Amino acid sequence: TRGQIMNQVSFKINENIEKLGKLEAIISGKPIKDCRIEISKVAEMFSYYGGWTDKIHGEVIPVPSGHLNYTFREPLGVVFQITPWNAPFFTAGWQIAPAIAAGNSVVIKPSELTPATTVVLAILGEKAGLPKGLVNVLCGYGDSTGQATIQNDAVRKVIFVGSPNTGRIVATSAAKALKPVVLELGG
């Protein structure tokens, strides 16, 4: 099941904390101690959200007329995620795990300054059993690659973590394409 595979991703991450921590420290310039903690948090995220995969259901809601409203929780499809340079592995895990737990596929564009650990996370996911193509890492610049991807018809939602100025650009592009957008701007 999807939850079991996500737990396998968690296991693969935990197996490689030291290697991943070193790579993240070199790439992002952060202390290795901080990187190890962030890597372990990503493993926890995959385990946590993996536990939700069989608990996402619709609801039956009674309304005053005596009728019942039924809701269904359905995946959106392709979720496009844009992550910052300063916590590439952590932010990638934070975005990928809930998206795939909810049944979506992911296209993620890490910062052009720090893409390596996001690529490694996607590879580890495939080695753990995630289907090829479920998580796709798209490397490139935001003003070209990112903007073109936001406009792609297959993309159903956009998530951005970064600066307020770039967030305005992302929000405007998503609005023009009539796509929901989630922005996390500067903490």
Side-chain angles (χ1 to χ4, degrees), residues 1-28 30-58 72-140 145 149 152 154-161 180 182 184:
T1 69
R2 191 175 37 210
Q4 291 169 328
I5 293 170
M6 290 182 72
N7 282 325
Q8 286 300 311
V9 175
S10 175
F11 179 77
K12 281 279 187 203
I13 293 168
N14 276 322
E15 254 185 351
N16 291 284
I17 283 180
E18 192 59 30
K19 291 177 189 173
L20 290 166
K22 286 178 183 176
L23 181 60
E24 185 81 340
I26 291 167
I27 291 191
S28 68
K30 295 169 75 166
I32 191 166
K33 178 182 174 188
D34 293 350
C35 294
R36 286 185 194 114
I37 292 168
E38 289 180 358
I39 303 296
S40 70
K41 292 293 181 193
V42 171
E44 288 176 19
M45 287 177 210
F46 273 89
S47 182
Y48 174 80
Y49 285 107
W52 275 100
T53 59
D54 61 354
K55 295 166 186 68
I56 301 171
H57 306 290
F72 297 96
R73 307 273 186 227
E74 296 178 332
L76 288 170
V78 178
V79 177
F80 180 45
Q81 304 171 338
I82 305 166
T83 60
W85 63 270
N86 60 344
F89 194 87
F90 181 79
T91 311
W94 172 31
Q95 291 189 18
I96 292 169
I100 64 175
N104 298 296
S105 63
V106 171
V107 174
I108 187 164
K109 193 203 90 52
S111 166
E112 59 275 6
L113 302 174
T114 56
T117 52
T118 302
V119 172
V120 171
L121 178 57
I123 292 167
L124 284 175
E126 283 186 8
K127 287 183 177 183
L130 290 178
K132 283 188 182 288
L134 183 66
V135 176
N136 305 276
V137 181
L138 185 62
C139 297
T145 305
T149 307
N152 188 293
V155 171
R156 301 289 309 276
K157 185 173 186 173
V158 178
I159 300 169
F160 172 80
V161 178
V182 175
E184 195 275 287

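These numbers come from a predicted model, not from an experiment. Below, all heavy atoms of this structure are taken into account, side chains as well, without hydrogens, waters or symmetry copies.
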- Message: Return the CZ to CG distance between F80 and N136, rounded to the nearest 0.5 Å.
- Response: 11.0 Å

- Item | Validation row: I96, Q81 side chains within 4.5 angstrom (heavy atoms) | yes

- Just by distance, do the side chain of K12 and the backbone of G125 share a donor-acceptor pair under 3.5 Å? no

- Message: For T83, is there any backbone N or O sitting under 3.5 Å from a side-chain donor or acceptor partner on Q95?
- Response: no

- Query: Less than 4.5 Å apart, any side-chain heavy atom of F46 and any of I100?
  - Reply: yes

- Query: Going by heavy atoms in the side chains, are E112 and T145 under 4.5 Å from each other?
  - Reply: no

- Quick one: are I32 and E18 in side-chain contact, heavy atoms under 4.5 Å? yes

- Nearest non-hydrogen partners of A116 and I27, listed with the distance: CB-CD1, 3.1 Å

- Which atom pair, heavy atoms only, marks the closest approach of E44 to S10? N-OG, 4.5 Å

- Task: Hey, could you give me the OG1/CE distance between T53 and M6, rounded to the nearest 0.5 Å?
- Result: 7.0 Å

- Applying side chain to side chain contact (heavy atoms under 4.5 Å, CB included), run through V119 and C139 and close with a yes or a no. CA-CA 9 Å; V119 172; C139 297; 4.2 Å; yes

- Item | Crowding at NZ, K55 (>12 non-hydrogen neighbours, <6.0 Å) | yes

- May I ask you to test the S28-P88 pair for a side-chain heavy-atom distance under 4.5 Å? yes

- Tell me, with the steps shown, if E184 and W94 meet side chain to side chain contact (heavy atoms under 4.5 Å, CB included). CA-CA 12 Å; E184 195 275 287; W94 172 31; 3.8 Å; yes

- Item | K41 vs E38, salt bridge (Lys or Arg N to Asp or Glu O under 4.0 Å): CA-CA, chis, key distance, verdict | CA-CA 5 Å; K41 292 293 181 193; E38 289 180 358; over 6 Å; no

- Query: What's the spacing between T1 OG1 and N7 CG if we round to 0.5 Å?
  - Reply: 8.0 Å

- Task: Let me see the working for V155 and V107 under side chain to side chain contact (heavy atoms under 4.5 Å, CB included), right down to the final yes or no.
- Result: CA-CA 8 Å; V155 171; V107 174; 5.6 Å; no

- Task: Determine, step by step, whether V42 and L20 satisfy the side chain to side chain contact (heavy atoms under 4.5 Å, CB included) criterion, reporting the C-alpha distance in whole Å, the side-chain angles of both residues, the deciding distance to 0.1 Å, and the verdict.
- Result: CA-CA 11 Å; V42 171; L20 290 166; over 6 Å; no

- Euclidean distance, E126 CD relative to L121 CG, rounded to 0.5 Å: 11.0 Å

- Message: Are there over 12 heavy-atom neighbours, none belonging to K157, within less than 6.0 Å of that residue's NZ?
- Response: no

- Query: Is there a side-chain contact between I108 and V137, using heavy atoms and a 4.5 Å cut-off?
  - Reply: yes

- Query: Which atoms form the tightest heavy-atom contact between Y49 and A101, and what is the distance?
  - Reply: O-CB, 3.4 Å

- Message: Using modelled atom types and a 3.5 Å cut-off, is there a donor and acceptor pairing between side-chain atoms of N104 and backbone atoms of G77?
- Response: yes

